[in-house]
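Take a look at the structure set out below.
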Amino acid sequence: MTDASLPRPFHMHWGGGQIIEEARFAGQYTSPAIQLMRYDEGAAAGTAGLRFCHFSHDGRFQRSPMMIGEAEIDQLTEAVRSNPGIRALLLRIAGATP
């Protein structure tokens with residue numbers, strides 16, 4: 001797996017910043033991840049967002065949507081549990097409170 005230390009930089013055409021949290025686990029086929037991204041520059045500066053993505057088992061970022069099976073939900077739940085910023089935003093999506 002490539003360097004997954006945090007924070008680490010990211011760059012998008014509308015701005016860049018740091019990945020400050022990552023809920024990630026090694027699944028059967030890929031390593032699904034939810035990343036909390038803090039924008040420090042560009043049009044999105046001062047905001048945060050979530051990226052749902054996945055990596056190959058050797059650490060390469062995959063450019064297809066993250067897909068996760070029902071059998072892996074508990075592993076993702078455990079990964080999210082230890083990332084309070086990601087958890088809070090997911091609870092907002094679900095209409096719940098942290």
Side-chain angles (χ1 to χ4, degrees):
M1 187 175 291
T2 58
D3 180 23
S5 62
L6 296 174
R8 66 180 186 274
F10 71 89
H11 301 282
M12 303 289 184
H13 65 273
W14 57 87
Q18 299 288 318
I19 298 168
I20 57 174
E21 287 184 12
E22 185 172 57
R24 182 172 171 177
F25 70 95
Q28 183 177 0
Y29 303 107
T30 65
S31 292
I34 302 174
Q35 299 173 329
L36 179 57
M37 303 165 74
R38 182 189 66 223
Y39 290 88
D40 299 324
E41 56 188 52
T47 67
L50 291 176
R51 177 165 58 183
F52 298 81
C53 58
H54 64 102
F55 297 82
S56 65
H57 283 294
D58 63 0
R60 289 176 288 137
F61 184 82
Q62 302 296 287
R63 300 233 177 249
S64 56
M66 178 180 79
M67 295 179 67
I68 183 166
E70 187 175 356
E72 295 179 319
I73 293 295
D74 292 337
Q75 291 171 281
L76 183 57
T77 300
E78 189 59 36
V80 167
R81 189 172 283 131
S82 61
N83 290 280
I86 291 171
R87 184 176 183 276
L89 290 176
L90 290 174
L91 285 170
R92 281 180 57 191
I93 289 170
T97 56

Original post:
Any side-chain heavy atom of H11 within less than 4.5 Å of one from E41?
Top reply: yes
Original post:
How long is the gap from CZ on R51 to CE on M37, to the nearest 0.5 Å?
Top reply: 4.0 Å
**OP:** Indicate yes or no: at least one non-hydrogen side-chain atom of E21 is less than 4.5 angstrom from one of R87.
**Re:** no
Original post:
Which pair of non-hydrogen atoms, one from G27 and one from P32, has the smallest distance, and what is that distance?
Top reply: N-CD, 4.1 Å
**OP:** Identify the two heavy atoms, one from L36 and one from A48, that lie closest to each other, and give their separation to 0.1 Å.
**Re:** CD1-CB, 4.1 Å
Original post:
Heavy-atom distance under 4.5 Å between the side chains of I68 and T30, does that happen here?
Top reply: no
Original post:
Hey, is OH on Y29 packed in by over 12 heavy atoms from elsewhere, all under 6.0 Å?
Top reply: no
Original post:
Does any non-hydrogen side-chain atom of H54 lie less than 4.5 Å from one of S31?
Top reply: no
Subject >> Validation row: L50, I86 side chains within 4.5 angstrom (heavy atoms) >> reply: yes
Original post:
For atom CE of M67, is the number of surrounding heavy atoms from other residues, nucleotides or ligands below 6.0 Å larger than 12?
Top reply: no
**OP:** For the residue pair Y39 and F10, categorise the inter-ring angle as parallel (less than 30°), tilted (30 to 60°) or perpendicular (more than 60°).
**Re:** perpendicular
Original post:
Rounded to the nearest 0.5 Å, what separation is found between the SG atom of C53 and the CZ atom of R63?
Top reply: 10.0 Å
Original post:
With a 4.5 Å heavy-atom cut-off, do E72 and L76 have their side chains touching?
Top reply: no
Subject >> Shortest non-hydrogen contact from P7 toward I20 >> reply: CB-CG2, 4.4 Å
Original post:
Are L89 and I34 close enough that some pair of their side-chain heavy atoms sits under 4.5 Å apart?
Top reply: no
Original post:
Is it the case that R60 places NZ or CZ above or below the six-membered ring of F55, under 6.0 angstrom from the centre and within 45 degrees of the axis?
Top reply: no
Subject >> side-chain contact (heavy atoms from CB on, under 4.5 Å) assessment of E22 paired with N83 >> reply: CA-CA 7 Å; E22 185 172 57; N83 290 280; 5.6 Å; no
Original post:
To the nearest 0.5 Å, how far apart are CZ in F25 and CG in D74?
Top reply: 9.5 Å
